[in-house]
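Structure first, then comments.
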Amino acid sequence: MIINDITVGYQDTKVIENLTLKVGKAEFCAIIGPNGAGKSTLLKSLIGYIPLQNGKIEIDGKNISEWNKKKLAQRISLIPQDFQLQFDHKVRDLILMGRFPYLGYWESYSKKDYEIIEKIIDQLDLQDMAGKKFSQLSGGERQRVAIARALAQEASTILMDEAFSHLDLNHQIEIMQLLSKINKEQKKRIILVSHNLNLACEYCDRVIMLKKGKLIADGNPNEVVTKENIKKLFGADLLIVKHPISGKPNIIYPESSKE
Ligand code: ADP
């Protein structure tokens with residue numbers, strides 16, 4: 001995926017200006033940055049939801065504006081932060097909706113579509129909840145279902161606007177393990193807007209730092225998650241240590257006595 005000198009915003013405002021990035025196949029990237037940095041705006045522009053004011057985005061060698069909506073959805077899927085539904089669907093039906101980009105006009109879901117989603121339900125261990133309504137699920141279960149739906153879309157690129165903050169620690173880890181497994185085994189390109197920097201450092205190959213719509217740093221966690229860059233990004237003085245086992249950067253919060 002090539003993001004070439006893009007400028008994106010709303011009406012006449014510019015949220016992202018002249019951003020250039022290249023994300024290879026099978027990369028697992030985290031986008032981090034303060035609130036309002038333009039992270040969600042960037043993800044939405046990657047699926048063509050927000051038109052570009054300038055520049056271009058290419059996926060599979062073609063400008064995203066040239067793919068029709070269904071063809072683009074076969075290549076890239078977004079799991080939004082507020083994965084909400086107009087109707088309280090059952091989980092299996094919801095996952096099946098991921099197959100929509102493959103339906104022709106007046107076509108209904110085929111045997112192949114059902115086979116694909118049953119396989120995903122098995123892979124993600126969702127059998128027990130497949131017959132339940134979405135509203136009956138916990139936060140962690142909802143995230144897994146949202147991922148299952150994205151997988152049903154069979155796109156080579158998955159974008160996820162993380163909504164982990166309300167999940168307990170164990171579920172946050174579980175979701176990162178699941179994304180990492182999908183990335184490694186299915187060679188999918190995953191771009192995750194992440195608010196948990198330590199988990200991002202641990203699981204992602206690459207960290208992209210965004211502030212006020214501009215790139216602050218971009219590289220592997222050990223290279224870019226430094227005290228200086230974190231200060232530049234969040235304005236906070238934090239201690240960065242190496243994880244004792246993985247050797248990845250780990251951010252330590254300041255001690256309470258520090259003014
Ligand atoms: P982040 O995801 O990094 O928190 P966003 O992409 O959500 O940042 O927002 C970046 C900026 O764009 C913010 O100043 C926000 O107020 C503005 N913004 C987001 N969505 C809209 C919208 N639909 N209309 C106008 N401005 C918006």
Side-chain angles (χ1 to χ4, degrees), residues 1-23 27-57 59 64-65 69 72-73 76-86 139 142-143 146-147 150 155 157-167 172 175-176 179 189-201 203-219 221 224-226 228-236 238 249 251 253:
M1 166 183 276
I2 299 170
I3 298 165
N4 189 10
D5 197 23
I6 62 165
T7 297
V8 196
Y10 303 91
Q11 290 88 39
D12 39 9
T13 62
K14 290 177 172 39
V15 172
I16 292 169
E17 262 189 283
N18 306 111
L19 180 73
T20 295
L21 283 172
K22 201 171 164 188
V23 184
E27 270 197 90
F28 186 6
C29 305
I31 302 179
I32 65 169
N35 295 337
K39 304 180 297 294
S40 303
T41 301
L42 175 61
L43 291 196
K44 286 178 193 158
S45 69
L46 296 180
I47 57 159
Y49 186 75
I50 305 179
L52 303 182
Q53 294 173 359
N54 191 38
K56 64 174 182 178
I57 298 168
I59 189 156
I64 59 162
S65 62
K69 275 196 178 131
L72 185 61
I76 184 162
S77 68
L78 170 67
I79 304 170
Q81 201 171 36
D82 47 352
F83 187 74
Q84 282 175 1
L85 303 168
Q86 263 178 314
R142 287 179 190 200
Q143 290 273 315
I147 294 171
T157 301
I158 295 180
L159 312 176
M160 184 163 182
D161 206 344
E162 178 200 276
F164 292 1
S165 38
H166 66 289
L167 298 185
Q172 293 188 29
I175 299 289
M176 286 305 271
L179 291 174
R189 180 191 285 119
I190 300 182
I191 305 176
L192 169 77
V193 165
S194 177
H195 301 284
N196 187 325
L197 305 193
N198 286 342
L199 280 180
C201 288
Y203 286 92
C204 299
D205 318 309
R206 177 173 170 191
V207 173
I208 296 165
M209 297 180 167
L210 209 61
K211 184 178 187 179
K212 293 188 181 154
K214 293 212 178 314
L215 204 59
I216 299 291
D218 174 13
V224 298
V225 181
T226 59
E228 296 71 31
N229 282 341
I230 293 295
K231 170 100 185 182
K232 246 193 242 172
L233 202 58
F234 296 105
L238 299 177
I251 295 164
Y253 293 154

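When a ligand or atom number is given, it counts from 1 through the structure's own listing order.
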Report the nearest protein non-hydrogen atom to atom 8 (O) of ligand 1: residue, atom name, distance rounded to 0.1 Å. G38 N, 3.2 Å
Are F234 and L197 side-chain neighbours, meaning at least one heavy-atom pair lies under 4.5 Å? yes
So, does T20 use its side chain to make a donor-acceptor pair with the main chain of D5 at under 3.5 Å? yes
Ligand 1 atoms in contact with A37 (distance to a heavy atom under 4.0 Å): 1 (P), 3 (O), 8 (O)
Whether G36 lies under 4.0 Å from ligand 1, heavy atom: yes
Kindly indicate whether atom 15 (C) of ligand 1 is approached by any protein heavy atom to under 4.0 angstrom. no
In this structure, atom 7 (O) of ligand 1 is nearest to the protein heavy atom S40 CB, 3.8 Å
Distance from atom 12 (O) of ligand 1 to nearest protein heavy atom, with residue and atom: V15 CG2, 3.4 Å
At a 4.0 Å threshold, what atoms of ligand 1 neighbour a non-hydrogen atom of P34? 3 (O)
Mark yes or no for whether N198, through its side chain, and I251, through its backbone, hold a donor-acceptor pair below 3.5 Å. yes
In short, G38 meets V15 closest at the heavy-atom pair CA-CG1, 3.6 Å
Using only atom types and a distance under 3.5 Å, with no angle test, would you say the side chain of K56 pairs donor to acceptor with the backbone of I3? no
Is the shortest distance from a heavy atom of G9 to ligand 1 less than 4.0 Å? no
Can an N or O of N35 be found at a distance shorter than 3.5 Å from an N or O of ligand 1? no
Any idea which protein heavy atom is nearest atom 26 (N) of ligand 1, and the distance to it? Y10 CD1, 3.3 Å
Any donor-acceptor pair under 3.5 Å from Q172 side chain to L167 backbone: yes
Would you verify that at least one protein heavy atom lies under 4.0 Å from atom 2 (O) of ligand 1, or report that none does? yes
Would you say the side chains of T7 and E17 form a donor-acceptor pair under 3.5 Å? no
Are S40 and D161 linked by a side-chain donor-acceptor pair shorter than 3.5 Å? yes
Side-chain contact test, heavy atoms from C-beta onward, threshold under 4.5 Å: evaluate it for L199 versus I175 and give yes or no. no
Is Q11 in polar range of ligand 1, meaning some N or O pair under 3.5 Å apart? no
Heavy-atom pairs closer than 4.0 Å: do any link ligand 1 to the side chain of T41, the backbone, both, or neither? both
